[in-house]
Amino acid sequence: MNEHEDSHNIAVKRFTFEEECKDELRTRITISVPEVLDPQYGMYVWPCAVVLAQYVWMHRAELEGKTVLEIGAGVSLPGVLATRCGAQVTLSDSAELPHCLDNCRRTCQVNQLSVPVVGITWGQVTSSLLALPALDFILGSDVFYEPEDFEDVLFTVAFLLRRSPHAQFWTTYQERSADWSIEALLHKWNLKCADIPLESFRANTEHLAGSSLPGSHTVQMMIISLKEPWKR
């Protein structure tokens, strides 16, 4: 991971995803992510984002030509990688945090991409939420960060999945409390969850994409989808 700082107090980190092969003609994509040196959640690449991006990379064939939304995108590593892998991506973060939306745009600019960025308030059905297209996949890294936000996050995910019943929510999270649980909320919103072992997509390592970020952090991956057609 190469890193430098410019006069605007921004550090640019580079993450390289590549196939494991002996031949020199390996497939490789590098994503540059500008981090604003500011103590805000959405300003950094967190370990969960690198793990989710690794899953995106390993399943890139499934994403080509598909419609994808990243929620709580922050610096947008998974979403920008999905774009580079051929998906039609929309990036989103809190409508109440314009600096995080600016970060999404900054990452797109650095990678010379034009990707729509929208503000979405979790737990609310807003015009920006209603304007989203039918989705194939939703991405979200570390969106289960504050327990008081869990219900709003899953309300928003459930709303999107009801509009796109065959879509999947790919998400990574870091367990920070022994009381961490979304089981009751999954039941409430008619959702099911499948845990994805990190070793199944080569994420059970201290270094991913040239980064030491995942390190010894306890990061988990799961896929959430509708349990059955929504009953009105």
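Below, all heavy atoms of this structure are taken into account, side chains as well, without hydrogens, waters or symmetry copies. Counting from 1, the numbers follow the sequence of the chain as shown.
- When atom types are taken as modelled, the side chain of Glu64 and the backbone of Cys85 share no donor-acceptor pair closer than 3.5 angstrom.
- Separation of atoms NZ (Lys13) and OG1 (Thr107) is listed at 12.0 Å; rounding is to 0.5 Å.
- We find that Arg60 and Glu19 are joined by a salt bridge, their nearest charged nitrogen and carboxylate oxygen being less than 4.0 Å apart.
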Quiz item: Does the side chain to side chain contact (heavy atoms under 4.5 Å, CB included) test come out yes or no for Val12 and Val33, once each step is laid out?
Solution: CA-CA 5 Å; Val12 176; Val33 179; over 6 Å; no
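- Going from atom SG of Cys100 over to atom CG of Leu91 covers 12.5 Å, rounded to the nearest 0.5 Å.
- One side chain, Thr16 or Thr30, offers a donor N or O that lies under 3.5 Å from an acceptor on the other.
- When atom types are taken as modelled, the side chain of Asp136 and the backbone of Ala167 share no donor-acceptor pair closer than 3.5 angstrom.
- The closest donor-acceptor contact from the side chain of Thr67 to the backbone of Leu135 lies at 3.5 Å or more, if one exists at all.
- Using bins of under 30°, 30° to 60° and over 60° for the plane-to-plane angle, the ring pair Trp46/Tyr145 lands in the tilted bin.
- The closest donor-acceptor contact from the side chain of Thr90 to the backbone of Leu69 lies at 3.5 Å or more, if one exists at all.
- Between Val219 and Pro47, the shortest heavy-atom distance links the atoms CG2-CB, 4.1 Å.
- Relative ring orientation between Phe17 and Trp57 is described as tilted, the plane-to-plane angle lying within the 30° to 60° band.
- Under the 3.5 Å distance criterion, the side-chain polar atoms of Arg106 are left unmatched by any main-chain donor or acceptor of Val75.
- In this structure, Ser92 contributes its side chain and Glu70 its backbone to a donor-acceptor pair below 3.5 Å.
- Separating the CD1 atom in Ile138 from the CG atom in Leu160 is a distance of 4.5 Å, to the nearest 0.5 Å.
- Side chain of Glu35 to backbone of Ile10: no donor-acceptor contact under 3.5 angstrom is found.
- Interatomic distance, Lys227 NZ to Cys193 SG, rounded to the nearest 0.5 Å: 11.0 Å.
- Contact of the Val51 side chain with the Phe201 side chain is registered, since non-hydrogen atoms from C-beta on lie closer than 4.5 Å.
- Between Gly74 and Cys104, the shortest heavy-atom distance links the atoms O-SG, 3.2 Å.
- In this structure, the side chain of Thr156 engages the main chain of Gly123 through a donor-acceptor pair within 3.5 Å.
- No side-chain N or O of Gln124 forms a donor-acceptor pair with one of Trp122 less than 3.5 Å apart.
- With values rounded to the nearest 0.5 angstrom, Glu199 atom CD is found 12.5 Å from Arg202 atom CZ.
- Between Arg14 and Ile31 the shortest side-chain heavy-atom distance does not fall below 4.5 Å.
- Aromatic ring pairs are classed by plane angle as parallel below 30°, tilted from 30° to 60° and perpendicular above 60°; the pair Trp170 and Tyr55 is perpendicular.
- Remark: side-chain polar atoms of Ser211 are not paired, donor with acceptor, to backbone N or O of His207 under 3.5 angstrom.
- No side-chain donor-acceptor contact under 3.5 Å links Ser164 to the backbone of Leu161.
- Checked against the 6.0 Å centroid threshold, Phe150 and Phe144 count as a close aromatic pair.
- To the nearest 0.5 Å, the span separating CD on Gln174 from OG1 on Thr218 amounts to 6.5 Å.
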